Number of protein chains: 2
Amino acid sequence: MKLSTKGRYGLRAMIDLALYSEKDPVSICSIAERQAISESYLEQLVAKLKKAGLVKSIRGAQGGYVLAKPTADISVGDILRALEGSLDPVECMGFDEEHVCSGSDICVTKHVWKRINDSINQTVDEMKLKELVDESRQVRGIEPTDASCSQK
Amino acid sequence: MKLSTKGRYGLRAMIDLALYSEKDPVSICSIAERQAISESYLEQLVAKLKKAGLVKSIRGAQGGYVLAKPTADISVGDILRALEGSLDPVECMGFDEEHVCSGSDICVTKHVWKRINDSINQTVDEMKLKELVDESRQVRGIEPTDASCSQK
DNA sequence: TTTAATTCCGACCGAATTACTCGGATATCA
DNA sequence: TGATATCCGAGTAATTCGGTCGGAATTAAA
């Protein structure tokens with residue numbers, strides 16, 4: 001029942017991206033530096049975010065990433081599901097249709113799993129990236145400029 | 001973010017145990033047979049349930065297991081935590097105390113993880129074993145006698 | 001008093017997943 | 001034509017998962 005580093009790093013990366021990409025695209029390298037995440041690993045995560053349609057890429061020099069949608073339209077659930085796959089702790093066959101299970105206790109547990117799944121998804125879907133970004137800006141002053149990241 | 005077979009099998013085993021242990025203790029062997037779970041694996045799970053104080057064992061021939069508490073006093077959360085360990089998808093240091101995080105976005109994500117953890121634990125704790133057992137009995141007729149399980 | 005049923009305990013094991021790294025191809029701005 | 005970037009796929013060490021196996025200890029029944 002653990003959330004992997006994909007989800008944990010990825011959410012931080014998205015907040016970082018939202019904070020710094022207002023003017024110019026943000027490079028993976030600069031996010032990695034600020035967030036102390038391995039650059040090559042972060043690359044994989046951002047690829048997933050892109051495939052999910054949450055960020056857009058701009059290739060070439062001075063390129064980077066920007067959000068594909070306004071922060072109010074991106075939920076924590078969208079981000080986590082993009083990175084982790086389904087957040088359902090139990091993937092059950094025939095959740096919706098009234099599928100008759102073999103044993104009655106299996107059927108009963110199915111309701112349990114569904115309630116857990118629903119509770120998680122509801123919780124993450126009602127939190128929007130906008131709220132997190134706003135909160136983050138309140139904590140420290142705004143630094144909207146993305147310092148180009150150090151070379152190696 | 002997956003619940004392992006420990007939790008899934010274990011919950012079914014607890015329902016089974018509650019259904020069949022009213023008169024006599026129930027053997028692992030018979031639970032394994034009814035629930036189609038490997039006997040030797042189930043042994044490990046029941047050991048965890050025992051250590052958590054949810055079931056009591058009666059050793060020797062005609063022995064087995066019985067619930068240690070009334071079904072109304074055992075929550076799904078108790079069972080799952082006994083088997084899986086903490087259900088918190090993210091284990092965060094210093095959740096309670098106002099620990100100042102290094103970066104503001106880390107602090108912000110901390111609130112996210114806390115809300116997810118709370119939502120899961122609340123959901124599983126408000127479901128009691130009693131409800132599941134009652135529901136299970138409604139589905140099919142009651143078979144309170146534990147047929148001694150087939151030998152190998 | 002033996003025997004069969006049963007819990008108890010720890011070691012082992014293959015397969016999958018996690019959390020990365022690395023090397024290089026491709027695109028694009030200056 | 002470089003220097004920056006994204007893109008992409010393969011490799012890999014460590015850990016977890018989902019069990020199995022063998023045997024010791026306990027106790028009811030024959």
Side-chain angles (χ1 to χ4, degrees), chain A residues 1-10 12-13 17 20-21 24-33 35-52 55-66 68 83-86 89-91 146-152, chain B residues 1-10 12-13 17 20-21 24-33 35-52 55-66 68 83-86 89-91 146-152:
Chain A
M1 267 297 280
K2 295 286 164 269
L3 206 68
S4 73
T5 54
K6 289 191 184 69
R8 299 205 307 276
Y9 293 176
R12 272 165 55 205
L17 183 56
Y20 290 96
S21 65
D24 296 302
V26 176
S27 70
I28 287 202
C29 167
S30 70
I31 299 177
E33 205 169 64
Q35 298 296 324
I37 300 173
S38 140
E39 197 181 323
S40 36
Y41 190 42
L42 185 57
E43 204 178 281
Q44 290 183 10
L45 308 186
V46 176
K48 281 173 185 278
L49 293 169
K50 190 192 170 186
K51 191 147 68 179
V55 304
K56 281 187 300 190
S57 68
I58 294 143
R59 300 191 65 170
Q62 271 63 47
Y65 294 89
V66 291
L83 294 159
E84 302 269 341
S86 160
V90 177
E91 223 98 35
D146 177 21
S148 80
C149 63
S150 63
Q151 235 3 61
K152 53 171 176 199
Chain B
M1 267 295 279
K2 294 287 163 268
L3 206 68
S4 72
T5 55
K6 290 192 185 66
R8 298 205 308 276
Y9 293 176
R12 271 164 55 204
L17 184 56
Y20 289 98
S21 66
D24 297 302
V26 176
S27 69
I28 287 203
C29 167
S30 71
I31 298 177
E33 207 170 62
Q35 297 296 326
I37 300 173
S38 142
E39 200 180 321
S40 35
Y41 190 42
L42 185 56
E43 207 177 280
Q44 291 184 12
L45 309 187
V46 176
K48 282 171 184 278
L49 294 170
K50 190 191 170 185
K51 192 148 67 181
V55 303
K56 280 188 302 193
S57 68
I58 294 143
R59 300 191 62 169
Q62 270 61 47
Y65 294 90
V66 291
L83 294 159
E84 302 269 342
S86 161
V90 177
E91 226 98 36
D146 176 21
S148 80
C149 62
S150 63
Q151 237 0 64
K152 53 172 176 200

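So you know, we letter chains A, B, ... as the sequences are listed, proteins then strands, and number each from 1. From a predicted model like this one, the values you see are computed outputs, not experimental measurements.
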Check: Counting only N and O atoms by type, is there a donor-acceptor contact under 3.5 Å from the side chain of Ser57(A) to the main-chain atoms of Arg59(A)?
Finding: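 Checked: no pair found.
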Notebook entry, point to check: Without hydrogens or angle criteria, can the side chains of Tyr41(B) and Thr5(B) be said to hold a donor-acceptor pair below 3.5 Å?
Noted result: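 Tyr41(B) vs Thr5(B): donor-acceptor pair found between side chains.
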Checklist line | Any donor-acceptor N or O pair under 3.5 Å, side chains Ser27(B), Tyr65(B) | finding: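 The criterion, which ignores hydrogens and geometry beyond distance, is not satisfied for Tyr65(B) and Ser27(B).
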Quick one: which of [options] gets closest to the side chain of [X]?
{"X": "Ser27(B)", "options": "dC8(C), dT6(C), dT20(D)", "answer": "dT6(C)"}
{"X": "Gln62(B)", "options": "dT21(C), dC8(D), dA28(D)", "answer": "dA28(D)"}
{"X": "Tyr65(B)", "options": "dT20(D), dT7(C), dT21(C)", "answer": "dT7(C)"}
{"X": "Arg59(A)", "options": "dC9(C), dC7(D), dT6(C)", "answer": "dC7(D)"}
{"X": "Ala61(B)", "options": "dA4(C), dA19(C), dT20(D)", "answer": "dA4(C)"}

Atom pair distance, as rounded to whole Å: [atom1] in [X] and [atom2] in [N]:
{"X": "Tyr41(A)", "N": "dA13(D)", "atom1": "OH", "atom2": "P", "value": "18 Å"}
{"X": "Met1(B)", "N": "dT17(C)", "atom1": "CE", "atom2": "P", "value": "17 Å"}
{"X": "Lys48(A)", "N": "dC7(D)", "atom1": "NZ", "atom2": "P", "value": "15 Å"}
{"X": "Leu3(A)", "N": "dT17(C)", "atom1": "CG", "atom2": "P", "value": "17 Å"}
{"X": "Lys51(A)", "N": "dG9(D)", "atom1": "NZ", "atom2": "C1'", "value": "12 Å"}
{"X": "Glu33(B)", "N": "dT6(C)", "atom1": "CD", "atom2": "P", "value": "11 Å"}

Notebook entry, point to check: Of Tyr9(A) and Glu43(A), whose nearest nucleotide on DNA chain C comes first from the 5' end?
Noted result: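 In this pair, the answer is Tyr9(A).
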Next item on the list: Take Ser40(A) and Ile58(B), find for each the nucleotide of DNA chain C with the closest heavy atom, and name the residue whose nucleotide sits nearer the 5' end.
Entry: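 Checking each residue's closest nucleotide, the 5'-ward one belongs to Ile58(B).
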Presence of [X] side-chain N/O under 4.0 Å of [N] phosphate oxygens OP1/OP2:
{"X": "Lys6(B)", "N": "dG19(D)", "result": "no"}
{"X": "Ser4(B)", "N": "dG18(D)", "result": "yes"}
{"X": "Ser57(B)", "N": "dC8(C)", "result": "yes"}

Notebook entry, point to check: Above 12 or not: heavy atoms from other molecules or residues under 6.0 Å from NZ of Lys48(B)?
Noted result: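 Counting other residues, nucleotides and ligands, NZ of Lys48(B) stays at 12 neighbours or fewer.
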Notebook entry, point to check: Taking everything shown except Lys56(B) itself, do over 12 heavy atoms lie less than 6.0 Å from its NZ?
Noted result: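 Result for NZ/Lys56(B): open.
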Next item on the list: Answer with base, sugar-phosphate or nothing: what part of the nucleic acid does Lys50(B) contact at a heavy-atom distance below 4.0 Å?
Entry: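 The residue Lys50(B) makes sugar-phosphate contact but no base contact.
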